[in-house]
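Every chain is numbered from 1, with letters handed out A, B, ... down the list of sequences.
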Amino acid sequence: MSKIEIKLPDNGRREFDAPVTPALVAQTLSRSLALKALAAVVDGRVVDLNYPISKDSEVRILTWDDPQGREVFWHSSAHLMASAVLELFPDTKLAIGPAIPDDFSAKFYYDLDMPQKLTDAELEKIEKKMAEIVSRNLPFDRREANRLESIKEFRSAGDIYKAEMASEWSDETVSFYSHGNFTDMCRGPHLPSTGYIKAVKLLSVAGAYWRGDEKNKMLQRIYGVSFPERKMLDEHLQKIEEARKRDHRFLGRDLDLFSIVDDVGSGLVLWHPRGAMVRHIIEAFWKEEHLGNGYEIVYSPHIAKLDLWNTSGHTGFYAENMYSPMPIENVQYEIKPMNCPFHIQIYKSKTRSYRELPIRWAELGTVYRYERSGVLHGLMRVRGFTQDDAHIFCRPDQLTVEIVRTIEFNLFFLRTFGFEDYDVFLSTRPQKFVGTIEGWDLATEALRLALETAKLNYQVDPGEGVFYGPKIDIKIKDNLGRSWQCTTIQVDFNLPERFQIEYSAEDGTRARPIMIHRALLGSMERFFGILIEHYAGNFPVWLAPEQIRVLPVTDEAAPYAEKVLAALKGAGLRAQIDISNEKIGKKIRDAESLKVPYMAVVGKIEAAAGQVALRRHRAGDIGKYSLDQAIEMLKGLEAQKKID
RNA sequence: GCCGGAGUAGCUCAGUCGGUAGAGCAGCUGAUUUGUAAUCAGCCGGUCGGGGGUUCAAGUCCCUUCUCCGGCUCCA
């Protein structure tokens, strides 16, 4: 028997008789690790715990604490679910069933082709069956088979999806995993046995095209979550419930922020006074910061001649998101899906010198895009929205500096609103594009260089750029850890070319500027939706539509309450008064329900002392303040843009 | 757009086998003058998403259409 050396993550080394398995390695390390072990990484590859190791290797044991360990757990859960479905509905065909570690609520799914339509009642049945299979504690067994043979078997068994997948691979063999009577072609790895999956919840069933292509058949997808302990599942379900409570669509109605009504149309937002106030504050801050950071503000119309969009390339490359043109005195006009051609026209209004560059023009520009009915979602996906747009026209030598500047400016904004975690993506040339490949490469390199200069970690998103240029997308993480796309920074060599814009260079020749398109918050609609969910409707003082509400205890205190209100308003605070014929408990309840950050309770005692009894939303009574102290405190919170 | 689910008062929801639509909250009016998350009473409020059909009779059964929800695809 030969000896092999296993290197461990702490750089320790141990000798074993070959072949050894990760399970055995775990046992020699500690009994608790052996119990927690789900899978292992051997020389960088995730494998089963009973994977035979026959040469010197580096081994790391995966537990629930490793993302890869959880992924194995959820992948096995998908298999478990598929086996339960097959026991209940034997004529089901399996398509694909992976773990989805990045999703907020669901952690795995399986796409199934079955004659009967699944309902929630059937999900419960499947869950029960899964629990039964868990209690059987069936081991997951791996075996390999010849790929071409397997394809034949799939075909004769009518397993068209598996056959299609296997026929696209090139390996000699394919692997199968079985537990009990259930077998599925799968790369693995899997848990040692079904008994590990102690707690399962199937969340929903939904349609999903085979391979995500709408030309293909629509399958039924079951989403689920699973955990090694019941308690963890309960906590997870609670988190989903918490997210549901924060849903901006419900908070938007309950807090009287906005509405979207059928009479106006799908995806078209009505901003109510309270929501519009929040937007106004965001926009005022945005404008002030832009003006202070080398931007100038511009405005442009909502429609323009169709020809403008022909020049820009939108009618060719963006047609599916644009509304039909409308004839005005025999000329076709088009409602704008983007602001860029207008800013280019402003640029073109006179001869530009290299000395003027960079030119930075910002506009809160409202655009209209056709979105298919099924994708609309509250404020997050709408058909009319206002981008916090800007276009920077610069010389090639200024490009990287401008992008870095934009990134830094952007991070300042996001941090001010309370977002500290980001995922950054660099999106490269898509299938449909304008311009030359060289131009694209140049633009992509500029973005890459800027990201590296700004020291941001990023991932490359191949083929996800816009038709006129590559882009940096920044997704922010909210308080619940969900990520949202807001910022986009795009480099564009193409529109300057298409519109033939120029500047006089230092040497007197004509040169072409480069454009940077950027939206930092993305759109006012989406950003507002994200803010609502991030804060669960509890806006910080600087953003709250109503910062403080004066609550007189009795009518007798009303004159003093009016005086307090006038003083608060006089200090520039957004204050209201509740003079309804209700008891103080009810007034407090109403203000709490509207999530007003501060309440000033005033009765006889306060009137006599010239004070207010302050109450903090969600926290309760915080004691008596003189009117001046109260104003000073609130103005301080507002000025600091404090988030608590 | 596609698959599945759901639409009853402003909101949350009842409504049995097909037999003249109901509650709480909100709103209005009045009483009450109240001390840190709901005072009491009365009143108003509905072509049961729209259209069509079956039936003596439809919120209920059938067809169709719109909107919303969960996803897929797409995206700020």
Side-chain angles (χ1 to χ4, degrees), chain A residues 103 105-106 109 111 117-120 203-223 247 249-250 253-254 256 259-263 265-267 318 320-321 337-339 365-367 369-389 464 466 471 473-475 484-488 490 517-527 529-530 551-558 581-594 599-606 613-623:
Chain A
D103 191 85
S105 57
Y109 66 81
D111 281 352
K117 303 291 177 199
L118 290 173
T119 63
D120 287 351
L203 298 168
S204 59
V205 56
Y209 300 107
W210 165 235
R211 317 204 108 180
D213 188 334
E214 57 189 309
K215 289 185 204 79
N216 289 338
K217 177 162 184 185
M218 185 156 282
L219 309 172
Q220 297 192 79
R221 174 175 296 181
I222 305 178
Y223 283 97
D247 191 318
R249 293 167 300 181
F250 303 125
R253 190 222 307 126
D254 295 345
D256 198 12
S259 60
I260 298 171
V261 299
D262 194 20
D263 287 341
S266 298
Y318 206 70
E320 58 195 31
N321 286 294
M338 292 191 192
N339 303 303
T366 304
V367 297
R369 298 182 185 174
Y370 168 69
E371 300 284 355
R372 297 155 102 191
S373 57
V375 309
L376 300 172
H377 180 91
L379 293 176
M380 303 304 191
R381 247 337 243 295
V382 293
R383 285 181 174 156
F385 57 99
T386 302
Q387 293 183 303
D388 67 317
D389 209 357
E464 293 299 313
V466 209
K471 61 175 179 172
D473 280 339
I474 298 181
K475 292 190 179 176
W484 303 99
Q485 155 93 64
C486 293
T487 307
T488 183
Q490 308 166 353
H517 307 241
R518 45 114 286 193
L520 307 183
L521 309 178
S523 75
M524 299 315 294
E525 285 73 8
R526 177 178 290 177
F527 193 70
I530 295 166
L551 309 177
V553 177
T554 64
D555 285 353
E556 203 184 334
N581 186 4
E582 294 287 353
K583 300 214 286 198
I584 190 67
K586 168 69 166 162
K587 293 182 183 184
I588 286 169
R589 186 186 151 81
D590 288 345
E592 289 282 351
S593 303
L594 275 172
M599 285 149 269
V601 177
V602 294
K604 262 189 265 194
I605 307 161
E606 289 77 16
L614 280 189
R615 184 190 161 95
R616 176 77 178 104
H617 168 51
R618 293 192 295 172
D621 194 349
I622 56 168

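Atoms NZ (A/Lys586) and C1' (B/U39) sit 11 Å apart, rounded to a whole Å. Between A/Arg369 atom CZ and B/C74 atom C1' there is a gap of 12 Å when expressed in whole angstrom units.
With B/A76, B/U33, B/C2 as the choices, the nucleotide that has an atom nearest any side-chain atom of A/Asp555 turns out to be B/U33. With distances taken from any side-chain atom of A/Ser373 to the nucleotides B/G1, B/C74, B/U34, the minimum falls on B/G1. Of all nucleotides listed (B/G70, B/G4, B/U34), B/G70 comes nearest to the side chain of A/Ser204.
In the interface, the side chain of A/Tyr209 is paired with the base of B/G1 through a donor and an acceptor atom under 3.5 Å apart. The base of B/G1 has none of its N or O atoms less than 3.5 Å from a complementary donor or acceptor on the side chain of A/Glu320.
For B/C2, the paired nucleotide is B/G71, the pair qualifying as Watson-Crick or G-U wobble because both relevant distances are below 3.5 Å. Checking B/A31 for Watson-Crick or G-U wobble geometry (two distances, each under 3.5 Å) identifies B/U39 as its partner. Nucleotide B/C25 is matched to B/G10 when pairs are restricted to Watson-Crick or G-U wobble geometry with both distances under 3.5 angstrom. Judged by Watson-Crick or G-U wobble contacts below 3.5 Å, the nucleotide B/G45 has no partner.
Here A/Thr487 lies out of heavy-atom contact (under 4.0 Å) with every strand.
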